[in-house]
Colleague: 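Please see the structure below; I have some questions.
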Amino acid sequence: MSSETEKQGPFYITTAIDYANGAPHLGHAYEKVLTDVIARFQRLQGRRVHFLTGLDEHGQKVQQNALARGIPPQQACDETAALFLQLLRDLGISNDDYLRTTQPRHKNIVQQLLQQLFDAGLIYKAEYTGFYSVRQEQFVLEKDKLEDGSWPEIFGDVTPVTESNYFFRLSRYQPWLVEYLNTHPDFIFPKFRQKQVLEFLKEPINDLCISRPKERLTWGIELPFDPAFVTYVWFDALVNYYSAVAEKGFWPADAHVIGKDILVPPHAVYWPCMLNALGLALPRQLIVHGWWTISGSKASKSAGNALNSLDLAKLYGADVFRYYVIREMNVGQDSDFSAEQFKIRYRTDLGNDLGNLLNRLLNMGGRYAAGKTPDAALGASPEPPERELRELWAATAPEYLQLAAGYQFHTALETLWNFIRAMNRYTEHRAPWKLGKSADPADRTRLEVCLAHIAEGLRLTAVALSPVMPEVAAKIQQNIGLAPADSFAGQLDWSGKCAGATLAEKAILFPPVEEPATEATTGTQQAK
Ligand code: MSP
């Protein structure tokens, strides 16, 4: 999120488009949330945003699965699309567009670009003999074999295949790409991933096979210059980022958010070279997140454990899930999803720290201030506890924004929670419930100042937290009698905005959650 703005138009951000051959899982959910948080930060900072996500519908696996179920592939994709669209709603994702690669707007552009490359002599036909992995939908090489001569598990069945195919002159762009990466050190976040790409590029790369003969695969976009072939699914899928906005003029993208498994070669090699060959600008940045594991295993559907995490999202609500994944994961590193830890954060960070603070304010505001935040001359020479609290906020706000700008959202939240905890300590120190009983007018002033400080601290917290927990932020604002802030501008400084605002009678932001008993939870409880 650098402030450098080279192009007109909105901040254009994308997620990877999900494969239509399986149901949504934690990995998909996380990527949407992460991208949504970045998009919301940008909007609050005054940027117009265009946020794209979508579905990758073509390819052998989709065709095979549909065949096995005896339904047309399009029907299978429609069913999957419904699940993913529901996921977006369940997670409070603010995407502006949803692209499906079977849509005409996409297919037309893919064909247009293929024709352009073909006409420029950058696509040629050749006979190829090699080993083909159905699972990975790619040719594999001798060097990919394990020491014992067998193929690694991830390739599934590998069969020898000889066929004519079309190739994109990828290898021609290798020197240019190396140069580009060397001169654009911030192209890939985090930086160590860019080094991995350069490592990969130390070996010569082959031209890219961009077609599949229709005898093997029909579920794809037909090559415009040879109807006997469809387009290789990665060539088709990557183009989504461009096809979705080609007519809007939003290209290039500011950020593609993807997982580490699809960086090399698709996003870091194929895509930049394709764009360069087409004379199109490169995206400004690839933001590469790590993988979620569940107790050490990948959070994919085949591991059979991914549902639990999304069940928690349903049970506890989108914002709680969003908070958990953003608080736990250091973008770029892997993280382990733990239901235990999820519940601990719910009870402590959310319930005890944030929820309780709001509760206290509403409670005492009702008891001692007629349900309104006192207008307690916030600027007048504060006593040390108030001064310290304001100083802490003055340090917290810029740090929070800076960490978020560097995608360090987990530490940004930690910083914000230090402030929330300091407010709880401040409240205990001031003990307004005691001040309320005192007959001394100075204590009456202290009480009013204290309530005003808690309200203002909560207002600031809600504004800062809103990209991560938009619903909770809106609820806090509503409960302290304010309208939701749709911009950070003028909202993150200590102010008197809460003075006189009506406090709700009570609010329970994070109520106890009744969980249906499952084997897994009973098991953990017994083990303790
Ligand atoms: N269809 C391709 C992407 C094409 S983009 C032009 C694809 N789809 S996917 O459904 O397998 O993955 C979609 C995204 O989810 C990818 O960015 C992937 O890295 C991410 N994740 C899938 N499983 C994941 C975890 N267990 N953890 C975190 N993210 C992971 O790849």
Side-chain angles (χ1 to χ4, degrees), residues 13-36 52-62 65 77 80-81 83-84 87-88 91 93 98-102 106 109-110 113 135-138 154 188-189 193 219-221 231-244 253 255-272 274-275 283 286-310 321 324-326 328-337:
I13 188 164
T14 67
T15 69
I17 49 173
D18 303 310
Y19 277 134
N21 67 336
H25 57 65
L26 172 61
H28 300 127
Y30 170 69
E31 190 170 293
K32 308 293 177 298
V33 170
L34 172 63
T35 312
D36 190 62
L52 172 75
T53 180
L55 198 62
D56 186 358
E57 304 193 21
H58 293 124
Q60 201 132 19
K61 277 174 266 178
V62 176
N65 289 350
C77 290
T80 312
L83 298 178
F84 276 95
L87 177 76
L88 296 175
L91 296 173
I93 304 299
Y98 192 79
L99 183 136
R100 299 179 53 182
T101 54
T102 48
H106 172 72
I109 298 274
V110 170
L113 299 185
R135 183 177 301 165
Q136 295 302 324
E137 298 180 33
Q138 68 182 42
I154 51 154
I188 301 172
F189 175 89
R193 294 270 173 222
W219 186 237
I221 301 176
T231 311
Y232 169 47
V233 69
W234 267 110
F235 192 99
D236 160 357
L238 287 162
V239 169
N240 93 88
Y241 302 131
Y242 174 72
S243 64
H256 292 321
V257 179
I258 56 167
K260 64 179 185 181
D261 57 315
I262 56 171
L263 177 66
V264 187
H267 284 83
V269 181
Y270 303 163
W271 186 223
M274 283 161 66
L275 288 166
L286 306 179
I287 300 170
V288 187
H289 61 78
W291 272 61
W292 280 98
T293 55
I294 296 180
S295 306
S297 64
K298 282 183 185 174
S300 63
K301 199 184 161 232
S302 50
N305 51 16
L307 261 181
N308 291 334
S309 54
L310 295 188
F321 178 82
Y324 174 79
V325 291
I326 295 297
E328 286 291 318
M329 193 176 251
N330 176 348
V331 179
Q333 307 292 323
D334 293 346
S335 264
D336 196 52
F337 191 100

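Residue numbers run from 1 in the order of the sequence given. Atoms within each ligand, like the ligands themselves, are counted from 1 in listed order. Quantities reported herein were computed from a predicted structural model and do not represent experimental measurements.
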Colleague: For a 4.5 angstrom cut-off between non-hydrogen side-chain atoms, does Asp334 reach Trp292?
Modeller: no
Colleague: What atoms of ligand 1 come closer than 4.0 angstrom to any heavy atom of Ala237?
Modeller: 6 (C)
Colleague: Val239 versus Met274: any side-chain heavy-atom pair under 4.5 Å?
Modeller: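 Result yes, sub-4.5 Å side-chain heavy-atom pair found.
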Colleague: Report yes if some N/O of Lys260 lies less than 3.5 Å from some N/O of ligand 1; otherwise report no.
Modeller: no
Colleague: Should the pair Tyr241 and His267 be assigned to parallel (<30°), tilted (30 to 60°) or perpendicular (>60°) ring geometry?
Modeller: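 Geometry flag for His267 against Tyr241: tilted rings.
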Colleague: Give the atom numbers and elements of ligand 1 that come within less than 4.0 Å of a heavy atom of Ile258.
Modeller: 17 (O)
Colleague: Just to check, does Tyr30 reach to within less than 4.0 Å of ligand 1 when the distance is taken from its heavy atoms?
Modeller: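 The answer is no: ligand 1 sits nowhere under 4.0 Å from a heavy atom of Tyr30.
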Colleague: Counting both backbone and side chain atoms, is some N or O of Tyr19 under 3.5 Å from an N or O of ligand 1?
Modeller: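 So ligand 1 has an N or O lying under 3.5 Å from an N or O of Tyr19.
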Colleague: Trp234 heavy atoms, cut-off 4.0 Å: which ligand 1 atoms fall inside?
Modeller: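 Reading through ligand 1 atom by atom, the close ones are 2 (C), 3 (C), 4 (C), 5 (S), 6 (C).
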Colleague: Does ligand 1 have any atom that is closer than 4.0 Å to a heavy atom of Pro266?
Modeller: no
Colleague: Under 3.5 Å, is there a donor-acceptor pair between the side chain of Thr101 and the main chain of Ala237?
Modeller: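 Here the side-chain-to-backbone pair does not exist.
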Colleague: Do the side chain of Trp291 and the main chain of Gly27 share a donor and acceptor less than 3.5 angstrom apart?
Modeller: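 No, Trp291 side chain to Gly27 backbone: no donor-acceptor pair under 3.5 Å.
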Colleague: Does Asp56 approach ligand 1 within less than 4.0 angstrom via side chain, backbone, both or neither, non-hydrogen atoms only?
Modeller: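 Side chain only.
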Colleague: May I ask you to list the atoms of ligand 1 that are less than 4.0 angstrom from any heavy atom of Gly290?
Modeller: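 That gives atoms 28 (C) of ligand 1.
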Colleague: When you measure from the side chain of Glu31 to the backbone of Ala16, do you find a donor-acceptor pair of N or O atoms at a distance under 3.5 Å?
Modeller: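 Judged by distance alone, yes, a pair lies under 3.5 Å.
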Colleague: Pick from Thr15, Asn240, Asp18: which one makes a side-chain hydrogen bond (donor to acceptor under 3.5 Å, both in side chains) with Thr53?
Modeller: Thr15
Colleague: For ligand 1, which atoms, with element, lie under 4.0 Å from some heavy atom of Asp261?
Modeller: 18 (C), 19 (O)
Colleague: So between His289, His267, His256, whose heavy atom ends up nearest atom 29 (N) of ligand 1?
Modeller: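 Among His289, His267, His256, the closest heavy atom to atom 29 (N) of ligand 1 belongs to His289.
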Colleague: Distance under 4.0 Å to a non-hydrogen atom of Gly27: what atoms of ligand 1 satisfy this?
Modeller: 23 (N), 24 (C), 25 (C), 27 (N), 28 (C), 29 (N), 30 (C)
Colleague: Does only the side chain of Tyr241 get under 4.0 Å from ligand 1, or the backbone, or both, or neither? Count heavy atoms.
Modeller: side chain
Colleague: Please check whether Asn240 reaches ligand 1 - meaning an N/O of the residue sits under 3.5 Å from an N/O of the ligand, judged on distance alone.
Modeller: no
Colleague: Could you tell me whether Ile17 and ligand 1 have an N or O pair separated by under 3.5 Å?
Modeller: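 N/O-N/O distance below 3.5 Å exists for this pair.
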Colleague: Counting N and O atoms only, with roles assigned by atom type, does the side chain of Thr80 sit under 3.5 Å from a partner on the main chain of Ala20, one being a donor and the other an acceptor?
Modeller: yes
Colleague: Atoms of ligand 1 less than 4.0 Å from Gly259 heavy atoms?
Modeller: 17 (O), 19 (O)
Colleague: Between Lys61 and Asp56, is there a side-chain N and carboxylate O pair less than 4.0 Å apart?
Modeller: no
Colleague: Taking the six-membered ring where the residue is Trp, are the ring centres of Phe337 and His25 under 6.0 Å apart?
Modeller: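 No, the ring centres sit 6.0 Å or more apart.
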